[in-house]
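These notes concern the structure reproduced below.
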There are 2 protein chains.
Amino acid sequence: MTKKLNTKGMLIETASRLFRMRGYDGVGLNDILKESGIPKGSLYHYFPEGKEGLAVEAIRHTKGVVIGFIEEVFERTEDPIKAVQNHICELVEVMRDEKEPVGFPIGAIASEKHSTSEPIRKACHSAFEEWKETYSRKFIRAGYSEKQAEDLGIIILAVIEGGILLSLTAKSDKPLRVIAEQIPMLLAKKSG
Amino acid sequence: MTKKLNTKGMLIETASRLFRMRGYDGVGLNDILKESGIPKGSLYHYFPEGKEGLAVEAIRHTKGVVIGFIEEVFERTEDPIKAVQNHICELVEVMRDEKEPVGFPIGAIASEKHSTSEPIRKACHSAFEEWKETYSRKFIRAGYSEKQAEDLGIIILAVIEGGILLSLTAKSDKPLRVIAEQIPMLLAKKSG
DNA sequence: ATTATATTAGACCGGTCGGTTTAATACGTG
DNA sequence: CACGTATTAAACCGACCGGTCTAATATAAT
């Protein structure tokens, strides 16, 4: 009972990591197999739907990890704007660490496959939705209106996803650092 | 002299369009060839470096098209904040048109290949840089400080790239519409 | 011990990938 | 026209792709 979960879980974790880094088509089944040391027969035993099924579960896994990452910071910081700022700062830290590369968590796979695989598109959409709601909830708890919180959630998610992409492409944490720095200015309530 | 440019140009345009939609590994050379009706020999005549070289030129082409798209709107609108808002609104319009799909202009290819191909990563980085500077210039001309303009350029680029990704994944223009709607609130100068 | 089941192992498949090669053909220029 | 170059054409290559299949092997229950 323990070995089973380990094998399947190892497959999901390895796939999640590789997909984050190189997207869907950039990762072969054999890459995942070699890196996890698991034979091909096992993969098709646990994932009879093959690569696509494995990818859907890998996306679900990444979604959960990221939610945990967000909530851990949010629990420590009451003010929602400061919380978002801290969240982005921690993201910068994590991305600096080259041992466990973060990549573009869902973005790489989403941008590749959104038009060619509905199951994958839906899985990515679900991840984005839940991340957005995790942000929104923080603002609702702080007294923002539902519409305000929803809109801010979308904007925060967009600017973070975009910032990660810019930082990866520039090989520099500057874009994300600038975004973190400017978050209070961006989100500050002004007239009303 | 005319046919040459047409053949090479057709190759670049077709590659640009397909890469935007499905990323790098998602597009085979044969897809590009079939769609443009050009034989493989010609491709390797014009692009002896093969797929990677073609991709670099396709990215350069996309970069130029997007700059033209931005500047056309910017010329019509003096106020930089309104100009950015109009730009995003036009982006929503263009993406609604399914005849000439926009995709995730550089994002798809950047997120896939940033870690595995330096030439492609650099080409994408160059595109992002120039887009950012196109935004920044608008704010400098309106009297913003250099640092302010630079930071705003990064943020606008990030939120747009992220918004496109969210809209494509959601199959909805809502994320981009919300971003456009909130742009004045985000960029409004407050204290200072 | 026996049986049923879950899992591992990896050879194998057809198809497609990016890329190479060679020969034919169009074309510009003297 | 003749000649050298630019271009087209497609057969072909080895490598790798995702996926299938069958047999061996653990594992658990009776």
Side-chain angles (χ1 to χ4, degrees), chain A residues 1-19 21-59 108-109 112-113 115-121 123, chain B residues 1-19 21-59 108-109 112-113 115-121 123:
Chain A
M1 206 57 163
T2 59
K3 260 281 225 61
K4 289 191 215 170
L5 277 175
N6 280 348
T7 296
K8 188 173 182 180
M10 182 100 68
L11 237 17
I12 292 174
E13 270 180 37
T14 307
S16 163
R17 181 163 39 86
L18 292 180
F19 284 145
M21 291 294 296
R22 295 192 260 130
Y24 186 82
D25 290 309
V27 178
L29 252 12
N30 294 330
D31 297 332
I32 300 169
L33 266 11
K34 199 191 306 168
E35 193 140 329
S36 58
I38 287 165
K40 192 172 272 195
S42 305
L43 194 156
Y44 277 89
H45 173 71
Y46 292 112
F47 299 98
E49 317 225 327
K51 191 184 188 185
E52 195 176 59
L54 172 58
V56 168
E57 288 224 30
I59 292 165
I109 213 172
E112 256 187 288
K113 304 300 290 180
S115 63
T116 50
S117 164
E118 267 301 284
I120 289 178
R121 200 210 105 236
Chain B
M1 205 57 163
T2 58
K3 261 280 226 60
K4 288 193 215 171
L5 278 175
N6 280 348
T7 296
K8 189 173 183 181
M10 181 100 69
L11 238 17
I12 291 175
E13 270 181 38
T14 308
S16 163
R17 182 162 39 85
L18 293 180
F19 284 145
M21 291 293 297
R22 310 205 303 262
Y24 185 82
D25 290 308
V27 178
L29 252 12
N30 294 329
D31 298 332
I32 300 169
L33 266 12
K34 199 191 305 169
E35 195 140 329
S36 58
I38 288 164
K40 191 172 274 194
S42 306
L43 194 156
Y44 277 89
H45 173 72
Y46 292 111
F47 300 97
E49 316 226 327
K51 191 184 186 184
E52 195 176 58
L54 173 58
V56 167
E57 289 224 30
I59 292 164
I109 211 170
E112 256 186 287
K113 304 301 291 181
S115 63
T116 51
S117 164
E118 268 301 284
I120 289 177
R121 200 209 104 236

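Each chain gets a letter, A, B and so on, in the order its sequence line appears, and its residues count up from 1.
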Between C:dT7 (P) and A:Leu11 (CG): distance, integer Å
13 Å
Heavy-atom protein contacts under 4.0 Å, nucleotides 9-20 of chain D, coded B base, S sugar-phosphate only, - none:
BB------SBBB
Return no unless some side-chain N or O of A:Thr7 is found under 4.0 Å from OP1 or OP2 of C:dT8.
yes
Considering residues at least two apart in sequence or located in another chain, which fulfil the side-chain contact (heavy atoms from CB on, under 4.5 Å) criterion with A:Ala55?
A:Phe19, A:Tyr24, A:Ile109, A:Ile120
Using atom NE2 of B:His45 as one end and atom C1' of C:dT20 as the other, report the distance to the nearest whole Å.
16 Å
Does any non-hydrogen side-chain atom of A:Tyr44 lie less than 4.5 Å from one of A:Leu29?
yes
From CG of A:Leu33 over to P of C:dA11, roughly how many Å is that when rounded to an integer?
13 Å
By salt bridge (Lys or Arg N to Asp or Glu O under 4.0 Å), which residues pair with A:Glu118, not counting sequence neighbours?
A:Arg121, B:Lys171
Using the side-chain contact (heavy atoms from CB on, under 4.5 Å) criterion, which residues pair with B:Lys34? Sequence neighbours excluded.
none
Give the rounded distance in Å between these two atoms: CG of B:Leu43 and C1' of D:dA6.
16 Å
Given atom CG of A:Asn6 and atom P of D:dT27, what is their separation to the nearest angstrom?
13 Å
With sequence neighbours excluded, residues passing side chain to side chain donor-acceptor pair (under 3.5 Å) with A:Ser42:
none
To the nearest Å, how far apart are A:Tyr46 OH and C:dT5 P?
17 Å
B:Ile32 CD1 - C:dT16 P separation (whole Å):
17 Å
Return the set of residues passing side-chain contact (heavy atoms from CB on, under 4.5 Å) with B:Thr14 (not counting sequence neighbours), or none when no residue passes.
B:Met10, B:Arg17, B:Leu18, B:Ile32, B:Glu35, B:Ser36
